[in-house]
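Beneath this line is the structure, given in structure tokens, with notes to follow.
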2 protein chains.
Amino acid sequence: MGESSNASQLIRLHEIRKACSSCSLRELCLPVALDRKDTDELDRIVEHRRPLRKGEKLCRPGQPFSAIYAVLSGSLKSSLLGHRGDSQVIAFHLPSELVGLDAIGSGSHPTTIEALETTSVCKIPFSQLEALSRKIPGLQHQLLRVMSKEIFDEHELLQVVSRRTAEQRLAIMLINLGQRFGRRGLSRTRFRLPMSRLDLGNYLGLAPETTSRAFRRFIDQGLLKVTGKEVELLDPSALQELTDGMSAPFHSRKQR
Amino acid sequence: MGESSNASQLIRLHEIRKACSSCSLRELCLPVALDRKDTDELDRIVEHRRPLRKGEKLCRPGQPFSAIYAVLSGSLKSSLLGHRGDSQVIAFHLPSELVGLDAIGSGSHPTTIEALETTSVCKIPFSQLEALSRKIPGLQHQLLRVMSKEIFDEHELLQVVSRRTAEQRLAIMLINLGQRFGRRGLSRTRFRLPMSRLDLGNYLGLAPETTSRAFRRFIDQGLLKVTGKEVELLDPSALQELTDGMSAPFHSRKQR
DNA sequence: CGCACGTTTGAAACTGCTCAAATGCAGTGG
DNA sequence: CCACTGCATTTGAGCAGTTTCAAACGTGCG
């Protein structure tokens, strides 16, 4: 996080390349072990691009699909436009995560992908990735795994958004973000929310006012400490309890 | 729909095989043109199984993943178990559709997949499919397409479930089902709902009572004719209007 | 024919949304 | 450097849609 953005071009390039192998392409390289030679080949096809500034768009809906992207640093949000002007945030992408997988099917990007802050990504031309994955079975398998996982994650999000109260949604989100930061060696309990409350609410299917009130209740209960976008989970286990749907007041009815 | 289930074994096998190439594996064969030889090879690795009776399960959560399935006739629902006894319907699967794609990532099935009526499926061993798709680039591409489409569909469902009123959700669902039946040469406006109202409501994130009331309002408005599970869309364009989120009363707020 | 289950209907409670306005924060230009 | 403007966030009050609880109704299967 927070790469120095005024390092010399050479150092920068080196850093990105290093980040790429060790972190950002992690989703493609782990957990199926690709050997040194394979990751080198993968490295060879990725393209590096200048960082996106806050608000800059990686792609717009309808744009032809040619590559997927991996986040190196910063963060992205992808959103879908409704049949009118309204937009729905579909996902947030943190470093090491892959972006654009939903465009393969139709051949064009269905979403708008936008930087939430200064963000650098690398581009992986899809046709080359396909070709390479034909040569490297482990890579092919891993690509399918990543996509499958995305489907699974989507299922979980669906559950969250359709059957949980505002507080539960927020608790789940905070814990999920914590885990994702934690996976990259950062604190699971103290982090900076890269997105606005409005985007967060939109993602969780909540009005911004409701999101704000949920934050307040958590703060009042001593579960959370919030300073601007900075968040600290004071009682992660209590939040986890909420997550489990316990005492589910509203929604949820035992089935079968 | 409605294959004669007392035809002789031989005829049955022939029919299934025929259905497999022309219909059920359509998702894998179309729209990328696979030539005759390729589809034959694909046919060779699929396994046929005896039909599932209503309520029978194709897989349970945690079961090791080894194959994906294609629906030949009948219908399935897949559902996720919550941390307690509650379950959430994730998807319904009609003939020609592929099932089990969400299990690749973790190596075990996250969902319960259950027959809603007498249903026949064919099994496609995943390792063989992977191997075959290495030999047939078109197949590899198509497999990725199908998975990507699933991600995209999930995104759309997310929008439906998180930002639409009960009536809008039902309208969207009915039109969606109509399209899926229509794709298989059946009527888009008259069909039989294979699932219970309870499952339907669960899928749409609604209490069964709410689902029922939404049906009633549509019937009273003359948009729908319902006889048990049989449904007729009397005014599809009016339903489509609702779908577009028009006049969105509740939810939805213009963004940006 | 009868029981069980899915479906429907009614009434009340509740969550989250909408509208409206105050507050805080950040980037801009003087 | 500071004031200003615009936007994000917060807070309050009222309303609407959905859920919940409860009970009647219909249908299918033994």
Side-chain angles (χ1 to χ4, degrees), chain A residues 53-55 77 86 88-89 116-118 160-171 192-220 224 226-231 242 245 247-256, chain B residues 53-55 77 86 88-89 116-118 160-171 192-220 224 226-231 242 245 247-256:
Chain A
R53 268 187 295 278
K54 177 175 179 176
K77 77 168 179 196
D86 59 328
Q88 152 99 18
V89 177
L116 292 170
E117 56 196 312
T118 303
V160 171
V161 158
S162 75
R163 310 204 111 65
R164 310 260 108 130
T165 66
E167 292 192 3
Q168 290 177 324
R169 297 185 205 189
L170 181 57
R192 189 176 161 284
L193 296 173
M195 72 293 282
S196 71
R197 301 295 151 89
L198 195 143
D199 284 338
L200 186 58
N202 186 311
Y203 175 69
L204 296 174
L206 297 172
E209 295 92 333
T210 308
T211 312
S212 176
R213 278 185 251 270
F215 266 108
R216 172 123 306 286
R217 264 166 292 178
F218 283 159
I219 294 169
D220 290 346
L224 220 59
V226 179
T227 323
K229 294 196 176 298
E230 215 70 42
V231 174
L242 286 175
S247 73
F250 199 59
H251 290 294
S252 100
R253 167 181 296 202
K254 293 220 177 188
Q255 304 235 165
R256 303 244 127 254
Chain B
R53 271 188 292 278
K54 177 175 177 176
K77 77 168 180 194
D86 60 326
Q88 153 100 15
V89 176
L116 292 170
E117 58 195 311
T118 302
V160 171
V161 159
S162 75
R163 311 203 109 64
R164 314 255 102 128
T165 67
E167 293 193 4
Q168 291 177 323
R169 297 185 205 188
L170 182 57
R192 188 176 162 283
L193 295 173
M195 71 295 281
S196 71
R197 301 286 200 275
L198 196 143
D199 284 338
L200 186 58
N202 186 311
Y203 175 68
L204 295 174
L206 298 172
E209 295 92 332
T210 309
T211 313
S212 177
R213 280 184 250 270
F215 267 107
R216 172 122 307 285
R217 264 167 290 177
F218 283 160
I219 294 169
D220 291 345
L224 220 58
V226 179
T227 323
K229 292 194 177 300
E230 215 70 41
V231 174
L242 286 175
S247 74
F250 197 58
H251 290 296
S252 99
R253 168 181 295 203
K254 295 223 177 187
Q255 305 236 164
R256 309 242 121 256

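The pair A/Lys229-A/Asp199 does not count as a salt bridge, with every side-chain nitrogen at least 4.0 angstrom from each carboxylate oxygen.
One can place CG of A/Leu200 at 9 Å from P of D/dT9, the figure rounded to the nearest angstrom. Atoms CG (A/Leu116) and P (D/dC7) sit 18 Å apart, rounded to a whole Å. One interatomic measurement links the two molecules: CG of B/Asp220 to C1' of C/dT8, which rounds to 12 Å at whole-angstrom precision. In this structure, CD of B/Glu117 is placed 15 Å from P of D/dG28, rounded to the nearest angstrom. Distance CZ (B/Arg53) to P (D/dC29): 14 Å, rounded to an integer number of Å. Spacing between atom NZ of B/Lys54 and atom P of C/dC5 amounts to 13 Å, rounded to whole angstrom units. Counting to the nearest Å, the C1' atom of D/dT11 and the CZ atom of A/Phe215 are 16 Å from each other. Rounded to an integer number of Å, the gap from CD of A/Gln168 to P of D/dT19 is 14 Å.
With a 4.5 Å cut-off on side-chain heavy atoms, B/Leu200 and B/Leu170 count as touching.
The side chain of B/Glu209 has D/dA22 as its nearest neighbour among C/dT18, D/dA22, C/dG6.
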Between A/Met195 and A/Lys77, is a side-chain contact (heavy atoms from CB on, under 4.5 Å) present by the stated rule, with each step listed?
CA-CA 8 Å; A/Met195 72 293 282; A/Lys77 77 168 179 196; over 6 Å; no
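Annotation for A/Asn202 and B/Arg163: closest pair O-NH1, 2.9 Å, computed over non-hydrogen atoms.
Residue B/Thr210 has no polar side-chain atom (N or O) positioned under 4.0 Å from OP1 or OP2 of D/dT18. Using a 4.0 Å cut-off, some side-chain N or O of A/Arg216 falls inside it from OP1 or OP2 of D/dT11. One finds no side-chain N or O of B/Lys229 lying less than 4.0 angstrom from the OP1 or OP2 phosphate oxygen of C/dG6. The phosphate of D/dT10 (OP1 or OP2) has no side-chain N or O of A/Arg213 nearer than 4.0 angstrom.
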